[in-house]
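Note that the structure is a prediction, hence the values are computed from the model and not measured.
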Amino acid sequence: MTRDDLPGRPDAGDLSPSAAKQAFLAHLESIRKRYLPEVLALLDDVLREAELGDSGLAEMCRYHFETGGKRLRALLPLLVADCLGEDPAKAVAMGAACEMLHNATLVHDDVQDGDEARRGRETVWHRFGVARAINLGDAMFYFTLLLAQRAPVSGERRAALARRMLMETLKVIDGQEQEFALRASSRPSMARYFDMIEGKTARFFVLAMAGSAELFGREARIIDGLTEGARQLGILFQVQDDVLDLYGDKGRDQRGSDIAEGKRSVLAVHALENAPPDEARWLCEVLDKDRAATSPADVERVAGLFDRLGSLPFAVREMHARREAALAAVAALGQASLSAMMQGISETVLEPIRDLV
């Protein structure tokens with residue numbers, strides 16, 4: 001299949017939410033079939049290029065990638081390229097770099113959160129040890145830059161891509177650090193929560209989407225519009241993920257795993273901000289328990305508190321607002337293919353909790 005064989009890019013038009021989702025998924029699948037093998041081959045190629053010897057870094061990296069995943073962050077730069085009328089093949093290296101960067105943070109997140117399994121397999125730290133997992137995550141940040149150097153564009157644009165990746169990575173790490181600060185607060189604010197997820201989650205979407213436009217030399221207006229749209233989309237994604245943990249199927253060991261982890265999700269922060277002092281103190285006590293000591297009864301009682309305080313309706317309203325903001329930011333660019341992509345992505349993000357929203 002060549003680029004000319006790809007199905008036509010969807011046009012936003014007046015598509016219903018269901019039609020927008022289906023059009024996006026068809027477009028995404030065409031990109032996936034044509035280019036994902038190249039992305040994955042490049043990920044493996046950079047391990048050989050690094051000439052790592054017998055340290056075990058390559059083995060651990062391959063093991064981690066074998067856990068799978070949707071590879072959305074790998075494909076988004078290619079989707080944006082196609083919507084801009086560019087050859088997606090020229091974004092393969094960027095897609096591989098985005099995927100490597102995302103997975104570097106997952107390796108470190110698993111260590112910090114104490115997660116023993118990811119997608120049904122042992123996490124790297126649980127299989128190989130904490131120290132070696134930290135080494136792998138560190139190495140993967142550098143693999144990211146090696147991949148970015150493979151982009152078939154001018155040296156100036158490669159340098160700009162590397163700088164964007166460095167800056168977005170720092171924002172992601174800062175967001176992760178803000179999460180720990182949030183956990184230390186007995187009455188965290190929603191403003192701090194949104195600051196945290198804008199760094200930890202949304203910057204990956206900004207990198208993949210606005211970074212792709214920058215890679216192809218688009219004007220500042222396009223880059224800025226995609227930056228804002230991707231920022232809002234990333235916040236939508238994280239709020240949906242927080243809700244899914246308690247009210248949907250996140251594919252984890254138990255309902256409400258975020259509660260057992262002590263995570264300050266959108267639901268928890270809303271409750272802590274709005275609960276009477278005694279209930280807020282109790283909620284903090286549950287969230288701060290050792291993970292293994294949190295019982296299913298604790299989770300159900302916390303869920304009941306969320307229900308009484310209206311935390312889920314708040315999150316649903318926030319998701320609708322972020323979706324509308326993302327669509328508006330991209331619609332202002334006047335490019336139907338980009339609008340269709342944003343509409344389709346947002347509907348796909350919401351699909352797992354469609355009955356709630």
Side-chain angles (χ1 to χ4, degrees), residues 36 39-74 93-150 162 165-181 183-184 196 199-201 203-204 207-208 241 250-254 257-258 260-263 290-294:
L36 186 58
V39 171
L40 297 179
L42 200 54
L43 291 172
D44 199 62
D45 192 41
V46 80
L47 299 180
R48 291 191 295 272
E49 177 189 289
E51 300 178 355
L52 297 172
D54 298 324
S55 71
L57 287 173
E59 174 196 359
M60 290 189 291
C61 193
R62 292 187 178 104
Y63 171 84
H64 173 78
F65 274 109
E66 285 170 2
T67 62
K70 297 182 179 67
R71 310 299 189 202
L72 179 60
R73 291 157 190 81
M94 182 181 177
C98 289
E99 186 68 11
M100 182 66 77
L101 176 60
H102 171 57
N103 280 274
T105 66
L106 293 182
V107 170
H108 281 172
D109 283 355
D110 287 339
V111 172
Q112 294 176 344
D113 295 341
D115 286 330
E116 297 180 358
R118 177 171 291 281
R119 306 185 189 106
R121 299 187 70 184
E122 286 183 280
T123 51
V124 172
W125 78 264
H126 197 252
R127 183 178 180 90
F128 298 98
V130 170
R132 296 183 71 193
I134 292 172
N135 284 340
L136 174 61
D138 290 348
M140 291 169 80
F141 286 121
Y142 291 93
F143 293 151
T144 296
L145 291 176
L146 288 175
L147 287 162
Q149 288 182 340
R150 300 282 194 98
M165 287 195 155
L166 290 168
M167 295 300 293
E168 301 295 3
T169 299
L170 287 171
K171 290 173 183 175
V172 169
I173 295 171
D174 182 61
Q176 180 74 355
E177 178 62 20
Q178 287 187 55
E179 182 174 29
F180 287 101
R183 291 187 184 192
M196 179 267 291
K200 181 179 177 180
T201 303
R203 301 316 299 190
F204 281 117
L207 171 61
D241 192 69
K250 203 171 177 179
R252 303 177 79 175
D253 295 338
Q254 64 182 59
S257 291
D258 285 349
E261 289 177 11
K263 181 178 178 182
D290 183 83
R291 183 173 182 168
T294 305

> Hey, mind stepping through His64 and Phe128 against ring-ring contact (aromatic ring centres under 6.0 Å, His included) and telling me if it holds?
Replying inline: CA-CA 11 Å; His64 173 78; Phe128 298 98; over 10 Å; no
> Can you tell if the side chain of Asp110 reaches within under 4.5 Å of the side chain of Val124, non-hydrogen atoms only?
Replying inline: no
> If every non-hydrogen atom of Ala139 is compared with every non-hydrogen atom of Leu57, which pair is closest and at what distance?
Replying inline: CB-CD1, 4.0 Å
> Can Leu145 and Leu166 be said to form a side-chain contact (heavy atoms from CB on, under 4.5 Å), step by step?
Replying inline: CA-CA 9 Å; Leu145 291 176; Leu166 290 168; 4.0 Å; yes
> Where do Val39 and Gly95 come nearest, in terms of heavy atoms and distance?
Replying inline: CG1-C, 4.4 Å
>> Less than 4.5 Å apart, side chain to side chain, heavy atoms only: is that true for Met196 and Asp174?
In response: no
> Would a distance-only check, ignoring hydrogens and angles, find a side-chain to backbone donor-acceptor pair under 3.5 Å from Thr67 to Tyr63?
Replying inline: no
> Does a salt bridge link Arg73 with Glu99, judged by any charged N lying under 4.0 Å from a carboxylate O?
Replying inline: no
> Given Phe65 and Met100, is the side-chain contact (heavy atoms from CB on, under 4.5 Å) satisfied, shown in steps?
Replying inline: CA-CA 9 Å; Phe65 274 109; Met100 182 66 77; 3.9 Å; yes
>> Looking at every heavy atom in both Leu42 and Ala96, which two are closest together, and how far apart are they?
In response: CD2-CB, 4.1 Å
> What distance do Met165 atom CE and Leu207 atom CG have between them, rounded to the nearest 0.5 Å?
Replying inline: 4.5 Å
> Yes or no on side-chain contact (heavy atoms from CB on, under 4.5 Å) for His108 and Trp125, after CA distance, side-chain angles and deciding distance?
Replying inline: CA-CA 9 Å; His108 281 172; Trp125 78 264; over 6 Å; no
> How long is the span from the NE2 atom in His126 to the OG1 atom in Thr123, to the nearest 0.5 Å?
Replying inline: 6.5 Å
> Which salt bridge (charged side-chain N to carboxylate O under 4.0 Å, His left out) pairs, counting each pair once, include a residue from residues 121-139, with sequence neighbours left out?
Replying inline: Glu66-Arg121, Glu122-Arg127
> Rounded to the nearest 0.5 Å, how far apart are SG of Cys61 and CG of Asn103?
Replying inline: 8.0 Å
> CG of Leu101 to OG1 of Thr169: how many Å apart, nearest 0.5 Å?
Replying inline: 4.0 Å
>> Between Arg119 (side chain only) and Gly68 (backbone N and O only), is there a donor and an acceptor less than 3.5 Å apart?
In response: yes
>> For a salt bridge (charged side-chain N to carboxylate O under 4.0 Å, His left out) check, start with the C-alpha distance between Asp45 and Arg150, then their side-chain angles and the critical distance, and finish with the verdict.
In response: CA-CA 11 Å; Asp45 192 41; Arg150 300 282 194 98; 2.9 Å; yes
>> Can you confirm whether Tyr142 is buried at OH, in the sense that more than 12 heavy atoms of other residues, nucleotides or ligands lie under 6.0 Å from that atom?
In response: no
> Out of curiosity, Thr201 OG1 to His102 NE2, how far, rounded to the nearest 0.5 Å?
Replying inline: 9.5 Å
> Looking only at heavy atoms, which two atoms of Ala208 and Cys98 are closest? And how far apart?
Replying inline: CA-SG, 4.1 Å
> If you measure from CD1 on Ile173 to OG1 on Thr105, what distance do you get to the nearest 0.5 Å?
Replying inline: 9.0 Å
>> Please determine whether side-chain contact (heavy atoms from CB on, under 4.5 Å) holds for the pair Lys200 and Asp109, giving the CA-CA distance in whole Å, both sets of side-chain angles, and the decisive distance to 0.1 Å.
In response: CA-CA 11 Å; Lys200 181 179 177 180; Asp109 283 355; 4.2 Å; yes
> Where is the tightest heavy-atom contact between Gly137 and Ala104, given as atom of each residue plus distance?
Replying inline: O-CB, 3.8 Å
> What do the steps show when you test Asp115 against Arg291 for salt bridge (charged side-chain N to carboxylate O under 4.0 Å, His left out), and what is the final call?
Replying inline: CA-CA 10 Å; Asp115 286 330; Arg291 183 173 182 168; 2.8 Å; yes
